[in-house]
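First the structure, in the form of structure tokens, and then the observations on it.
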Amino acid sequence: QVQLVESGGGLVQAGGSLSLSCAASGSSFSINTAGWYRQAPGKQRELVATITRGGSTNYADSVKGRFTISRDNAKNMVYLQMNGLKPEDTAVYYCNALLLPTRWEYWGQGTQVTVAS
């Protein structure tokens, strides 16, 4: 069964850093486009960053200059490096990816990121 697995969430002080990882299970699948989303309590899920198969990236204005999305195609993984974290970054972060060869989108279970003030 295909799934995305996130890791790296946790509690950090404001100004700190965290690195999130997203792995696509199964060697038969590869990540095409991918993105990170987040959802805070009582709010809608929002796009944080995206990355194409070639490494082109886009970021939400709220995280530009602080977050970096990257990928390692050989390892079939996507990463989100988060620096200069703010309390408003607190949310559950979800990995999303279009996988090949199925061409279906998958969501991870989410990982909690909590930034203390």
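What you see is a predicted model; the values in this text were computed from it and never measured.
With a 4.5 Å cut-off on side-chain heavy atoms, Val78 and Ile69 count as touching. Side-chain contact between Tyr79 and Asp72 is present, with heavy atoms from C-beta onward closer than 4.5 Å. Annotation: side chain of Phe29 is in contact with side chain of Thr102 (closest heavy-atom distance under 4.5 Å). Annotation: side chain of Glu6 is not in contact with side chain of Leu20 (no heavy-atom distance under 4.5 Å). No side-chain heavy atom of Leu99 sits less than 4.5 Å from a side-chain heavy atom of Glu105.
For Trp104, the CH2 atom is loosely surrounded, since the number of other residues' heavy atoms within 6.0 Å does not exceed 12. Heavy-atom contacts from other residues, nucleotides or ligands closer than 6.0 Å to CD of Gln109 number 12 or fewer.
Put simply, CD1 on Ile51 and OG on Ser70 are 6.0 Å apart, with the number rounded to the nearest 0.5 Å. With values rounded to the nearest 0.5 angstrom, Asn96 atom CG is found 7.5 Å from Thr33 atom OG1. Going from atom CD of Gln13 over to atom OG of Ser117 covers 8.0 Å, rounded to the nearest 0.5 Å. In this structure, CG in Leu98 is found 12.0 Å from OG1 in Thr52, a value given to the nearest 0.5 Å. Leu4 CG to Ile31 CD1: the interatomic distance, rounded to the nearest 0.5 Å, is 6.5 Å.
Looking at Arg38 and Tyr93, their side chains do bring a donor and an acceptor atom within 3.5 Å of each other. Side-chain atoms of Thr90 and Glu88 include no donor-acceptor pair closer than 3.5 Å.
Heavy-atom minimum distance, Tyr59 versus Ala49: CD2-CB, 3.6 Å. For Pro101 against Ser28, the heavy-atom pair with the smallest separation is CD-O, 3.4 Å. The shortest heavy-atom contact between Arg53 and Asn73 is O-ND2, 3.6 Å.
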Can Ser17 and Gln81 be said to form a side-chain contact (heavy atoms from CB on, under 4.5 Å), step by step?
-> CA-CA 8 Å; Ser17 299; Gln81 178 65 46; 4.0 Å; yes
Between Asp89 and Arg66, does a side-chain contact (heavy atoms from CB on, under 4.5 Å) hold up when you go through it step by step?
-> CA-CA 11 Å; Asp89 294 319; Arg66 299 187 298 120; 2.7 Å; yes
How far apart are the C-alpha atoms of Leu80 and Thr68, what are their side-chain angles, what is the distance that settles it, and do they pass the side-chain contact (heavy atoms from CB on, under 4.5 Å) test?
-> CA-CA 6 Å; Leu80 184 68; Thr68 302; over 6 Å; no
Derivation and outcome, side-chain contact (heavy atoms from CB on, under 4.5 Å), residues Ser30 and Asn76 = CA-CA 6 Å; Ser30 61; Asn76 220 19; 3.9 Å; yes
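Salt-bridge formation is detected for the pair Lys64/Asp61: a Lys NZ or Arg NE/NH1/NH2 atom is positioned less than 4.0 Å from an Asp or Glu carboxylate oxygen.
Cluster membership for Val63 and Val115, using ILVMFWY side-chain heavy atoms within less than 4.5 angstrom, is shared. Cluster membership check: Trp107 shares its hydrophobic cluster with Leu47, using side-chain heavy-atom separations under 4.5 Å among Ile, Leu, Val, Met, Phe, Trp and Tyr. Grouping the Ile, Leu, Val, Met, Phe, Trp and Tyr side chains by contacts below 4.5 angstrom, directly or via other members, places Val48 with Val113.
Taking the centre of each ring, Phe67 and Trp36 stay at or above the 6.0 Å mark.
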